[in-house]
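For reference, the structure discussed in these notes is given below.
The chains referred to below are lettered A, B, ... by the order of the sequence lines, with proteins before strands, and numbering in each begins at 1. Just so you know, these numbers come straight off a predicted model, no measurement behind them.
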Amino acid sequence: MDATVVAIADDHDDSDCRRPLLAQNEEIHLYTEPPNRQHPPLDAAATQLEEQRKPERVASLDVFRGFTVAMMILVDDAGGAWPGINHAPWFGVTVADFVMPAFLFIIGVSAALVFKKMANKTAATKKAAIRASKLFILGVILQGGYIHGRHKLTYGVDLDHIRWLGVLQRIAIGYFVAAMSEIWLVNNNLRIAIGYFVAAMSEIWLVNNNLVDSPVPFVKKYFIEWFMAIAITVLYVALVFGLYVANWEFEIQTSNSTLSIPSNSIETKMIQCGVRGSLGPPCNAVGLVDRVLLGENHLYKNPVYKRTKECSINSPDYGPLPPNAPDWCLAPFDPEGLLSTLMAVVTCFVGLFFGHVLIHCKNHSQRMLIWLLASVVLTISAYLVLLLGMPFSKPLYTVNYMLLTGGVSGFLLLLLYYIVDVIHIKKPFVLFQWMGMNALIVYVLAACELFPTLIQGFYWRSPENNLVDVTESLLQAIFQSKRWGTLVFVLLEIVFWCLAAGFLHMKGVYLKL
Amino acid sequence: MDDGSSNKVVEDVAEEDPGRRGGPWRTDEADANEKAPRPSRRVASLDVFRGLTVALMILVDGAGGEWPVIGHAPWNGCNLADFVMPFFLFIVGMAVPLALKRIPDRGRAVRRVVVRTLKLLFWGILLQGGYSHAPDELAYGVDMRHVRWGGILQRIALAYLVVAVLEMVTKDGAKVHQDQPPGSSGRFSRVFRMYLSQWIVACCILVVYLSLAYGVYVPDWEFRVRNADSPDYGKVLTVRCGTRGALDPPCNAVGYIDRRVLGINHMYQKPAWRRHRACTDDSPHEGPFREDAPAWCVAPFEPEGILSSLSAVLSTVVGVHYGHVLVHMKSHTDRLRQWVTMGVALLVLGIILHFSHAIPLNKQLYTFSYICVTAGAAGVVFSALYFLVDVVSLRYAFAPLRWVGMNAMLVYVMAAEGVFEGFLNGWYYESTNNTLVYWVRKHVFVKVWHSTRVGILLYVLFAQILFWALVSGVLHRARLYWKL
């Protein structure tokens with residue numbers, strides 16, 4: 001029995017893929033020592049500095065990326081059978097809600113490494129723009145409705161109803177903004193001076209454990225980036241709480257079987273709002289901006305709030321509408337909307353900060369200490385904002401949601417960095433490392449379910465009798481439980497893609513945009 | 001329109017002209033006297049020939065429905081489309097000696113041949129087995145009980161496997177003859193004698209084919225109608241045969257063997273004989289069946305069947321011989337003399353067989369006369385291209401065809417199999433009939449010329465052939481190729 005590929009629970013008729021991805025597999029070089037050092041190094045410092053001068057990939061970044069891809073496959077395909085690990089219906093966070101921010105975070109970290117040296121700013125800008133465009137186009141193809149996914153042997157999309165934004169589009173935007181800030185907003189006049197300061201500070205630190213003066217040149221160098229992140233946050237808060245949301249309406253197709261002849265008709269639903277600063281599903285500013293700028297026909301048709309108590313009798317799972325369900329349960333809403341993408345960009349800036357620490361700190365202890373401090377500050381800030389009254393909400397990408405997920409991503413990176421790159425325990429994580437090195441291929445084929453979608457085209461007698469569905473049904477029968485069978489199926493799927501990525505790695509095949 | 005029985009692509013192998021060492025003034029020197037390493041140069045005319053064949057295939061696929069003289073002959077006869085598959089097999093055969101000119105490691109070469117064969121089989125079943133519905137339907141998928149096993153790429157895979165193994169096995173024997181001093185009378189037939197064992201195998205294949213085609217008894221047979229549009233849908237129809245040696249559509253041995261080995265559910269459901277004059281009054285166009293049409297008109301038939309693929313290997317063997325001439329003869333004059341002579345001889349032999357009613361030209365059965373005519377035509381066309389491209393050096397005029405030939409697999413999949421059109425048709429506006437492909441075909445070609453036939457022809461020539469030639473040029477500049 002070969003559990004080849006992806007499955008999805010029966011509850012998920014729409015197998016849309018909504019998981020982020022990092023598409024950079026470029027070589028990552030650590031920061032090199034400035035050539036004209038005035039002070040001879042201490043023996044211990046010299047040893048560590050010599051070790052870190054050699055250019056090499058940071059294995060923990062690949063492991064982080066691979067782990068995130070695996071989590072994405074798990075929550076996407078098993079989330080239907082296990083609502084506890086699916087996305088929170090509206091307010092709150094679950095395991096699934098940490099996956100996309102982790103991707104944006106790691107994009108920021110990688111962008112800091114990729115763009116730390118540029119001979120030509122214009123060429124680097126062009127390169128970043130081309131890569132972002134490719135990601136955006138790929139996102140439209142994969143999530144715009146063109147691919148119909150599991151359980152359907154059709155494809156194609158009406159351009160009048162195409163969904164413009166999605167996971168890859170958000171990643172493309174975040175990547176582009178991070179790249180632009182790295183290329184144009186970094187204060188490069190202090191580069192050489194920073195080198196001196198960092199070297200001197202690391203020496204002093206080794207002797208005195210004193211970090212008092214280290215942040216000063218660091219802050220100077222990246223002040224504009226920090227200002228940009230704060231400005232985006234302020235803009236987001238101002239729009240979310242300041243925009244007036246008027247009454248709005250949307251069209252829905254209803255089938256009326258009152259007569260003996262069933263007929264489909266278009267019905268218009270009116271949503272009463274007339275409020276400002278609401279964060280609920282129907283009257284938030286994020287939805288308003290998307291309806292105005294993108295158009296109602298180009299939003300996600302199966303939003304997550306269909307699993308709220310107001311919209312599903314099976315909450316927190318999908319289910320039929322309860323009696324007296326509000327009309328907005330049937331309305332579209334894009335979880336990767338324009339306004340929420342603003343805060344997603346800030347997550348990339350958090351990743352940029354962690355990447356800068358990786359570049360400018362020369363020893364493991366200093367990096368890990370700063371990362372730990374940053375993660376703690378982010379997490380505490382998240383709960384402070386929660387106390388102020390803003391709830392966690394992944395569809396809205398609230399400020400404290402951004403802070404919390406950024407902090408958790410920082411903790412995860414710190415942990416993996418310590419295990420993989422400091423004490424060099426690599427063998428248990430080699431599967432994730434392989435997947436992280438070919439994250440785009442695994443994302444397209446597994447998380448977006450392109451591979452099982454293609455495999456299901458070979459069936460026996462009826463389309464449900466294909467290798468993917470039969471394998472999942474077999475596992476569900478073996479474990480006599482749909483939930484556990486699906487979970488085992490998804491775990492086998494993850495192992496399959498780890499090995500597939502390992503095979504590609506062995507062959508030297510990488511897909512780069 | 002998707003004509004599944006049309007001929008398709010060839011895999012791309014690295015070809016090298018051993019006689020060309022940087023200048024025409026050195027072409028007559030004996031190879032044994034040269035010890036300097038020879039620069040690797042592809043045979044440009046072979047790329048041009050492959051590109052021409054791909055272009056022909058796109059033409060006959062796209063315009064064959066409107067222009068019957070371009071499309072496949074319903075049964076006996078030989079139209080433009082019927083030359084495409086033999087040309088491909090010829091090119092495959094011609095590339096084999098160039099690719100296997102030096103075999104440092106036989107085991108590795110065998111592994112490479114097997115892997116390539118498997119890839120061809122995979123893509124063949126994927127593209128023509130029923131899985132791909134491009135470009136006409138926004139759907140995909142095939143019931144494995146009705147998958148079609150035969151196809152263009154499968155036939156090419158079989159022929160390639162046979163001639164590659166044959167070439168490797170007979171490679172050592174050819175060296176003995178190569179050391180003999182060439183005489184003026186022996187030079188012309190030396191290439192024949194160097195590979196005499198290959199010709200013996202080819203004769204054995206021909207004998208087996210003729211024995212089976214004329215000797216197998218074909219009993220009555222029946223089938224269930226699977227065409228939902230037919231008024232007989234679901235019925236079980238019986239075809240009366242009880243004959244031996246017949247070459248007509250219902251009672252030939254080729255179809256009989258395929259029904260027994262492949263299974264009637266795994267054969268091509270829309271054979272070209274539906275356009276036979278016994279089946280439709282619109283012949284040679286496709287049209288509704290006549291009232292008194294025989295039962296076999298709605299029956300399946302595999303134009304790339306097992307027995308016909310066996311004889312198709314002979315087209316490849318002729319190509320191998322042309323490749324041997326290219327490898328072992330050093331002057332343009334000797335090569336062209338050998339090639340043209342053999343090409344004309346094959347043409348004459350095939351035409352005589354056909355018009356004397358001994359063996360008719362038939363693509364579906366891949367008859368011996370069909371082999372002779374198409375292999376001869378391939379030889380003559382290649383000789384002309386070789387003269388124009390490699391002798392007279394008219395390379396720039398043939399550059400677009402050469403680009404297509406260097407990326408033949410990609411152009412075959414995208415253009416000839418309609419995958420690219422199928423992809424574009426998925427992006428429609430309000431109705432699945434509002435797509436870029438339909439719009440261009442209708443408004444830029446059909447309406448401008450006020451004729452569906454002329455519009456379709458020009459659409460195929462410009463929007464498909466010329467378009468993919470330019471795409472191949474861009475990919476060539478970027479050094480991007482799809483190699484099996």
Can you check side-chain hydrogen bond (donor to acceptor under 3.5 Å, both in side chains) on B:E137 and A:Y155, steps first, answer last?
-> CA-CA 9 Å; B:E137 296 178 26; A:Y155 68 95; over 6 Å; no
Walk me through it: do B:V147 and A:F458 pass the test side-chain contact (heavy atoms from CB on, under 4.5 Å)?
-> CA-CA 9 Å; B:V147 69; A:F458 295 100; 5.5 Å; no
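Minimum interatomic distance between A:D160 and B:E430 (heavy atoms only, all atoms of both residues): OD2-OE2, 4.3 Å. Here the shortest heavy-atom pairing between B:W427 and A:L159 reads CE3-CD2, 3.8 Å.
Side-chain atoms of B:L138 and A:Y146, non-hydrogen and from C-beta on, never get closer than 4.5 Å to each other. With a 4.5 Å cut-off on side-chain heavy atoms, A:W460 and B:R145 count as touching. Looking at A:T453 and B:Y140, their side chains come closer than 4.5 Å, going by heavy atoms from C-beta outward.
Counted within 6.0 Å of CZ on B:F467, heavy atoms from surrounding residues, nucleotides or ligands total more than 12; the atom is thus considered enclosed.
Most heavy-atom pairs under 4.5 Å with chain B: of the set A:T154, A:I141, A:L153, A:I162, this distinction falls to A:L153.
Looking at B:Y429, the atoms closer than 4.5 Å to chain A (heavy atoms on both sides) sit in the backbone and in the side chain alike. Using a 4.5 Å cut-off between heavy atoms, A:L454 contacts chain B through both its backbone and its side chain.
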